[in-house]
J.: 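Below: one structure in structure tokens.
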Amino acid sequence: MQAWASARRLEGARIGLVPTMGYLHDGHLSLIEQARRHADAVVVSLFVNPVQFGPNEDFEKYPRDEARDLARCEQAGASAVFLPPVATMYAPDASVFITEERLSAGLCGARRPGHFRGVCTVVAKLFNLTLPHVAVFGQKDYQQAAVIRRMVRDLNFPVEIVVAPIVREPDGLAMSSRNVYLSEVERRRALGLSRALQAAAACVAEGGAAAAAVRARMAEVIDAHALQLDYAEIVDAESLEPVAEARRGNVALIAAQCGRTRLIDNRIL
Ligand code: PAF
């Protein structure tokens, strides 16, 4: 991978990376499209990273379809696809990992201990392997994008980070590889997340609102859809610190359990 990337660099090409865990949907394809706008040669990585999954999470059953992913990458105009086996990514005695200590403390980081350590580590490795000038991440994982930006800033990675907007189904559900887990009933309930975010946006449409009231409104919508709320927060867009007064430009983030599936979504207010 490094040899390929070095050769492209010598030719003067600008390399774009789209890191994914595969099972590509239209949201991923929009990331590839963005990368093509910012780069001459686009590398898509397909790697279900064991280090970012907790012991009771879905690493084993995470959906995989390599043949379909390869076809979609080709159609979308990727120049290369990188699918490393786990054993070549992690030595059995690997002992260096990257931890971001501030932005990853709350939200998903608080509920998924070690998750962002796994994400930072694998993304740093993918940067070193694919030597990108630019890397594209989805806003769907808002906290992840913030953590990666911080890692790039604090460790001086020479990589520009682009964050692409969330792609939604026509009814509002944010696209996610994990949506495949949902039964028909759960699929309808899952709309509670985007609707809760809409309700949050409506609360601040006329000006500021107490964040506690906005969070309560989001929780109500989640309840009404028979989902189990994990968190509903209004945070500062940069620091990810919870705000007392919700205003335009803040971010509403939500996580909820839908049957056995944990779903997340967010919206910039
Ligand atoms: O967002 C994802 O799919 C993953 O967290 C990433 C960035 C590919 C790292 O494994």
Side-chain angles (χ1 to χ4, degrees), residues 1 15-32 34-35 42-54 57-66 68-70 72-73 76 78 80-90 94 97-100 103-104 107-109 111-130 132 134-152 155 157 159-167 174-181 240 253 255 261-266:
M1 185 67 245
I15 299 175
L17 169 66
V18 179
T20 82
M21 299 205 298
Y23 213 72
L24 303 181
H25 50 65
D26 288 354
H28 292 115
L29 299 189
S30 81
L31 304 183
I32 299 175
Q34 281 276 355
V42 172
V43 182
V44 180
S45 63
L46 307 176
F47 180 64
V48 186
N49 173 33
V51 180
Q52 71 188 70
F53 288 79
E57 294 184 355
D58 56 346
F59 173 70
E60 294 297 339
K61 72 168 188 150
Y62 194 84
R64 294 161 167 89
D65 190 340
E66 193 177 301
R68 184 164 146 270
D69 285 347
L70 288 174
R72 298 205 93 181
C73 287
V81 178
F82 181 50
L83 321 86
V86 172
T88 66
M89 283 293 270
Y90 295 106
F97 298 87
I98 296 179
T99 49
E100 190 288 326
L103 302 175
S104 47
L107 303 166
C108 286
R111 276 90 185 165
R112 304 183 66 188
H115 171 66
F116 288 114
R117 168 181 177 269
V119 169
C120 285
T121 303
V122 82
V123 169
K125 287 168 68 67
L126 291 169
F127 286 173
N128 286 334
L129 288 159
T130 67
V134 56
V136 184
F137 293 83
Q139 189 203 310
K140 164 83 184 345
D141 297 296
Y142 191 92
Q143 187 178 19
Q144 168 172 280
V147 168
I148 296 298
R149 276 207 167 110
R150 182 61 59 90
M151 175 181 86
V152 162
L155 296 183
F157 280 97
V159 181
E160 180 194 339
I161 302 298
V162 171
V163 179
I166 299 176
V167 177
M175 289 195 185
S176 162
S177 304
R178 289 190 169 98
N179 291 348
V180 71
Y181 296 148
L240 305 190
L253 297 109
T261 308
R262 184 174 180 277
L263 299 173
I264 60 171
D265 198 353
N266 68 82

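Read the numbers this way: they start at 1 and go in the same order the structure lists the ligands and their atoms. FYI, the numbering just counts along the sequence from 1.
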J.: What protein heavy atom sits nearest atom 3 (O) of ligand 1, and how far off is it?
T.: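 For atom 3 (O) of ligand 1, the nearest protein heavy atom comes out as M21 CG, 3.5 Å.
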
J.: Tell me the closest heavy-atom pair linking V18 and V42, and the distance in Å.
T.: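 Looking at all heavy atoms of both residues, the closest pair is CG2-CG1, 4.2 Å.
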
J.: Within a 6.0 Å radius of atom CD on E66, are there more than 12 heavy atoms belonging to other residues, nucleotides or ligands?
T.: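 Counting neighbours around CD of E66, 12 or fewer heavy atoms of other residues, nucleotides or ligands fall under 6.0 Å, so no.
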
J.: Hey, which atoms in ligand 1 end up nearer than 4.0 Å to a heavy atom of P19?
T.: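 Here the atoms of ligand 1 in question are 8 (C).
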
J.: Closest non-hydrogen protein atom to atom 1 (O) of ligand 1, residue and atom name please, with distance?
T.: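 Looking at atom 1 (O) of ligand 1, the protein heavy atom closest to it is Q144 NE2, 2.8 Å.
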
J.: State the OG-CE distance between S45 and M89, to the nearest 0.5 angstrom.
T.: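 So the OG of S45 and the CE of M89 are separated by 7.5 Å.
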
J.: Which of the atoms in ligand 1, numbered in the order shown and given with their element, are less than 4.0 Å from a heavy-atom of V122?
T.: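 Listed by number with element: 9 (C), 10 (O).
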
J.: Under the side chain to side chain donor-acceptor pair (under 3.5 Å) test, which residues partner Y23, sequence neighbours left out?
T.: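 Y23 satisfies side chain to side chain donor-acceptor pair (under 3.5 Å) with no residue once adjacent residues are dropped.
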
J.: Which residues satisfy the side chain to side chain donor-acceptor pair (under 3.5 Å) test with T20, sequence neighbours excluded?
T.: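 So T20 forms no side chain to side chain donor-acceptor pair (under 3.5 Å) with any residue.
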
J.: Nearest protein heavy-atom contact for atom 9 (C) of ligand 1: which residue, which atom, what distance?
T.: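 Answer for atom 9 (C) of ligand 1: Q52 OE1, 3.3 Å.
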
J.: Could you tell me whether the side chain of K125 reaches within less than 4.5 Å of the side chain of F47, counting heavy atoms only?
T.: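 No, their side chains stay 4.5 Å or more apart.
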
J.: Taking only heavy atoms of D141, which atoms of ligand 1 are found under 4.0 Å from at least one of them?
T.: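 In order of number, 1 (O).
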
J.: Test of understanding: given a 4.0 Å heavy-atom threshold, classify the contact between T20 and ligand 1 as side chain, backbone, both, or neither.
T.: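 The part of T20 near ligand 1 is the backbone, not the side chain.
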
J.: Geometry only, no angles: is N49 polar-contacting ligand 1 at N/O separations under 3.5 Å?
T.: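 So ligand 1 has no N or O lying under 3.5 Å from an N or O of N49.
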
